[in-house]
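Everything quoted here is computed from the prediction, not taken from an experiment.
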Amino acid sequence: MQRMQVKGFSNCPEHGQVVLEDPDGMVQLNIRMRPMMAHWLAHELKECQCPAVSVYRLLQELITKFGGNLRLALIDASQDNTPLGLLIICRQSGEEIRQSCHPADAIAMTARTHAPLYATSRALKLGSWRNIQPWLETLTPQDFA
């Protein structure tokens, strides 16, 4: 798995897109979504000021009601390359709950709670890798000591 964070966001009438990036800026994952999902995500990321209600708000209320915390969110992909979201919630009793959701809801939940966001290798195959040659040229043997 690769740790990810929100790099950017775009929204247009046809689709919305969120760009996730690893902390080193070497890997990007672009996730397209329906305009309404993009609107909800933009609202949570403070990219728009209009009111919105989304599934993630419901999930957040349920997590609070049942005494849990979001441990992490995961972006994955199905066999047919459909992006998937997964929330891993830890209850006070130690029980772990895994809740499938839309990737936009997983991203919004991590934005709200500051929980870690990860992408699986299968999801990263949908993304784009940046050219690492400039970084490789800066390495010295001491970097591996």
Side-chain angles (χ1 to χ4, degrees), residues 1-136 138-139 143-144:
M1 284 193 288
Q2 177 67 48
R3 179 108 187 219
M4 304 297 281
Q5 57 196 22
V6 176
K7 164 85 164 121
F9 180 82
S10 66
N11 195 6
C12 70
E14 293 85 34
H15 67 274
Q17 178 171 285
V18 64
V19 179
L20 303 179
E21 186 174 80
D22 74 308
D24 298 322
M26 302 304 290
V27 181
Q28 281 192 343
L29 177 59
N30 300 299
I31 301 175
R32 291 179 66 173
M33 60 195 74
R34 294 187 314 262
M36 185 57 75
M37 295 300 289
H39 172 76
W40 290 332
L41 184 55
H43 184 266
E44 182 57 28
L45 297 175
K46 311 293 189 250
E47 294 289 328
C48 78
Q49 301 302 317
C50 46
V53 177
S54 70
V55 172
Y56 94 90
R57 288 190 191 266
L58 172 63
L59 291 170
Q60 185 179 28
E61 290 296 322
L62 289 173
I63 289 171
T64 302
K65 174 101 174 143
F66 293 111
N69 292 309
L70 181 62
R71 189 166 67 88
L72 64 92
L74 186 66
I75 305 297
D76 198 0
S78 67
Q79 295 290 56
D80 66 351
N81 294 328
T82 301
L84 305 170
L86 177 69
L87 301 175
I88 300 179
I89 301 160
C90 187
R91 294 190 64 192
Q92 290 175 349
S93 65
E95 176 189 8
E96 192 173 88
I97 300 168
R98 293 172 175 259
Q99 176 61 53
S100 297
C101 64
H102 190 280
D105 290 323
I107 296 165
M109 285 296 291
T110 61
R112 174 62 67 119
T113 64
H114 305 288
L117 174 64
Y118 291 92
T120 65
S121 59
R122 189 168 39 206
L124 291 173
K125 289 178 184 173
L126 303 174
S128 60
W129 288 81
R130 290 193 179 175
N131 185 348
I132 65 169
Q133 190 61 40
W135 173 74
L136 288 174
T138 67
L139 291 178
D143 293 326
F144 296 97

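The structure places CG of L117 at 11.5 Å from CG of D22, a figure rounded to the nearest 0.5 Å. Atoms CG and CD, from N30 and E21 in turn, are 10.0 Å apart once rounded to the nearest 0.5 Å. In this structure, the separation between CG on L70 and CD1 on I97 is 11.0 Å, given to the nearest 0.5 Å. Rounding to the nearest 0.5 Å places CZ of R98 at 11.0 Å from CG of L87. In this structure, CG on D105 lies 12.5 Å from CG on L86, to the nearest 0.5 angstrom. To the nearest 0.5 Å, atoms NZ (K7) and CD (Q28) are separated by 6.5 Å.
Here the closest heavy-atom approach between residue A73 and residue A106 is recorded as CB-O, 3.8 Å. In this structure, A123 and L29 approach most closely via the heavy-atom pair O-CD1, 3.1 Å.
Of the possible polar contacts, one joining the R122 side chain to the A77 backbone as a donor-acceptor pair under 3.5 Å is found.
Considering only heavy atoms from C-beta on, T113 stays 4.5 Å or farther from N69 through its side chain. Residues Q2 and P23 have side chains in contact (heavy-atom distance under 4.5 Å, counting atoms from C-beta outward). Side-chain contact between M1 and L74 is present, with heavy atoms from C-beta onward closer than 4.5 Å. The shortest side-chain heavy-atom distance between P116 and R3 falls under the 4.5 Å cut-off. Residues M4 and L124 are in side-chain contact: their nearest non-hydrogen atoms beyond the backbone lie under 4.5 Å apart.
For residues 80-90, no pair satisfies salt bridge (charged side-chain N to carboxylate O under 4.0 Å, His left out), with sequence neighbours left out. Residues in residues 83-94 take part in these side-chain hydrogen bond (donor to acceptor under 3.5 Å, both in side chains) pairs, two or more places apart or across chains: R91-E95.
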